[in-house]
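Written below as structure tokens is the structure these notes are about.
Side-chain atoms are counted along with the backbone in the values below, which use heavy atoms only and exclude waters and symmetry mates. Bear in mind that the values here come from a model prediction, so they are computed numbers and not experimental data. Here is the naming used below: chain letters follow the sequence lines, and residue numbers restart at 1 for every chain.
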2 protein chains.
Amino acid sequence: MGGMTATRELLPTVAPPSGACCAPMVREAIDPEPARELAHAFKALSDPARVQLVSIIAAHDGGGACVCDLTEPVGLSQPTVSHHLKILVEAGFLTRTQRGKWGYYAITPGSLDRIAESLTGASPLGR
Amino acid sequence: MGGMTATRELLPTVAPPSGACCAPMVREAIDPEPARELAHAFKALSDPARVQLVSIIAAHDGGGACVCDLTEPVGLSQPTVSHHLKILVEAGFLTRTQRGKWGYYAITPGSLDRIAESLTGASPLGR
DNA sequence: TCCTCAGATCGACATACTTCGATGCGATGA
DNA sequence: TCATCGCATCGAAGTATGTCGATCTGAGGA
């Protein structure tokens, strides 16, 4: 294999002769179904209000936060906040528990780390 | 500090007497503006086709991938793929370079790690 | 110069999402 | 038992998003 020097610097100004226009893939890409699930998780975090809600609830740490403490910081109506919370619960980021007449929301342990891992290292999106 | 035993297990069945219904916050929550930016980044990854595109391009690693290699795996039309790529570029996840008559897309180094960090450790969403 | 090809942009359409006021429901307190 | 409180659900309205066919642009080759 002599003479393979500086191939990285000598990218051809035109593509390979025929057929392929790109270099072949180095690794396997994600399958459609996992892609769908991953996108669904990201969609749950794709609204500013929901990002704030997760942050506020994470800041409460131990006991969780009730809806009454979440409405005012995000500046939205109670039904809207309730709607966002439901989306976050269904996506697995939050858990809901009822104590007395208050409902408390808490971060599902590990849920954020799991989604973070999908973006790094040897996962389908990481490099 | 005697007698502070098992307070974690003895959560009251009703909330604190008056006013506050939750424990106070342990840390600072995210501000509205950073929340908006973070949500915007997540929104770029909130579509299955875009997750697949990022994965396929990441799998090409070195030289990047051209649009002709991206249309078929995601099963969408060329204008639609082009549309999704634009969103990913604007969100900072991809970079585009022209070589000959082909356009090549590559992952912006560190962009995925940066978003992953916002979900873990001492960041506003992590715990 | 003209033709061809890769791919970006445009316009249109259907669907999904965000938001709110009104209402329903279960738990507390009187 | 009845009134009140916390909050989930419902229905409606406006906006944003995903998708495609048609078209435009810019680079290469004849």
request  = Could you pull out all residues at least two apart from B:Thr71 that satisfy side-chain hydrogen bond (donor to acceptor under 3.5 Å, both in side chains)?
outcome  = none

key: Phosphate OP1/OP2 of D:dA8: any A:Tyr105 side-chain N/O under 4.0 Å   = yes

message = Under 4.0 Å, heavy atom to any atom of DNA chain C: which of residues 33-41 of chain A qualify?
response = none

ask   = Should B:Lys101 be listed as having a side-chain N or O under 4.0 Å from OP1 or OP2 of C:dG7?
value = no

Counterpart residues, side-chain contact (heavy atoms from CB on, under 4.5 Å), relative to A:Ser82 (two or more places apart) = A:Gln78

inquiry  = Within the 4.0 Å limit for protein heavy atoms, which parts of nucleotides 16-25 of chain C are touched? Write it as a string from 5' to 3', B for base, S for sugar-phosphate only, - for none.
reply    = -SSBBBB---

task = Select one nucleotide: of C:dA8, C:dG7, D:dA8, the one nearest the side-chain heavy atoms of A:Ser82.
result = D:dA8

inquiry  = Could you work out, with side-chain hydrogen bond (donor to acceptor under 3.5 Å, both in side chains) as the rule, every residue matching A:Gln98, not counting sequence neighbours?
reply    = A:Arg96

With sequence neighbours excluded, residues passing salt bridge (Lys or Arg N to Asp or Glu O under 4.0 Å) with B:Glu28 = none

remark   = For A:Glu72, the side-chain hydrogen bond (donor to acceptor under 3.5 Å, both in side chains) test, sequence neighbours excluded, returns none

query = A:Leu70 CG to D:dC7 P: how many Å, rounded?
reply = 9 Å

ask   = What do the steps show when you test A:Phe93 against A:Leu112 for side chain to side chain contact (heavy atoms under 4.5 Å, CB included), and what is the final call?
value = CA-CA 7 Å; A:Phe93 290 115; A:Leu112 295 173; 3.7 Å; yes

Let me have the donor-acceptor pairs involving side chains of residues 48-58 of chain B, under 3.5 Å, with sequence neighbours excluded, atom names and distances please.
{"residue": "B:Arg50", "atom": "NE", "partner": "B:Ala44", "partner atom": "O", "Å": "2.7"}
{"residue": "B:Arg50", "atom": "NH1", "partner": "B:His84", "partner atom": "ND1", "Å": "3.0"}
{"residue": "B:Arg50", "atom": "NH2", "partner": "B:Lys43", "partner atom": "O", "Å": "3.1"}
{"residue": "B:Ser55", "atom": "OG", "partner": "A:Ile30", "partner atom": "N", "Å": "2.7"}
{"residue": "B:Ser55", "atom": "OG", "partner": "A:Pro124", "partner atom": "O", "Å": "3.1"}

ask   = Quick one: B:Arg96 CZ to C:dA8 C1', roughly how many Å, whole number?
value = 8 Å

inquiry  = In this structure, how many angstroms lie between the P atom of D:dG6 and the CD atom of A:Glu72, rounded?
reply    = 15 Å

Rounded interatomic separation in angstrom, taking CD from A:Gln98 and C1' from D:dG6 = 8 Å

request  = Starting from C1' on D:dA8, measure out to OH on A:Tyr104 and report it in whole angstrom.
outcome  = 17 Å

Whole-Å distance separating the CH2 atom of A:Trp102 from the P atom of D:dC5 = 11 Å

request  = Indicate yes or no: at least one non-hydrogen side-chain atom of A:Leu119 is less than 4.5 angstrom from one of B:Leu45.
outcome  = yes

task = Examine D:dG6: is either OP1 or OP2 under 4.0 Å from a nitrogen or oxygen in the side chain of A:Arg99? Give yes or no.
result = no

query = Partners of B:Ser77 by side-chain hydrogen bond (donor to acceptor under 3.5 Å, both in side chains), sequence neighbours excluded?
reply = B:Thr80

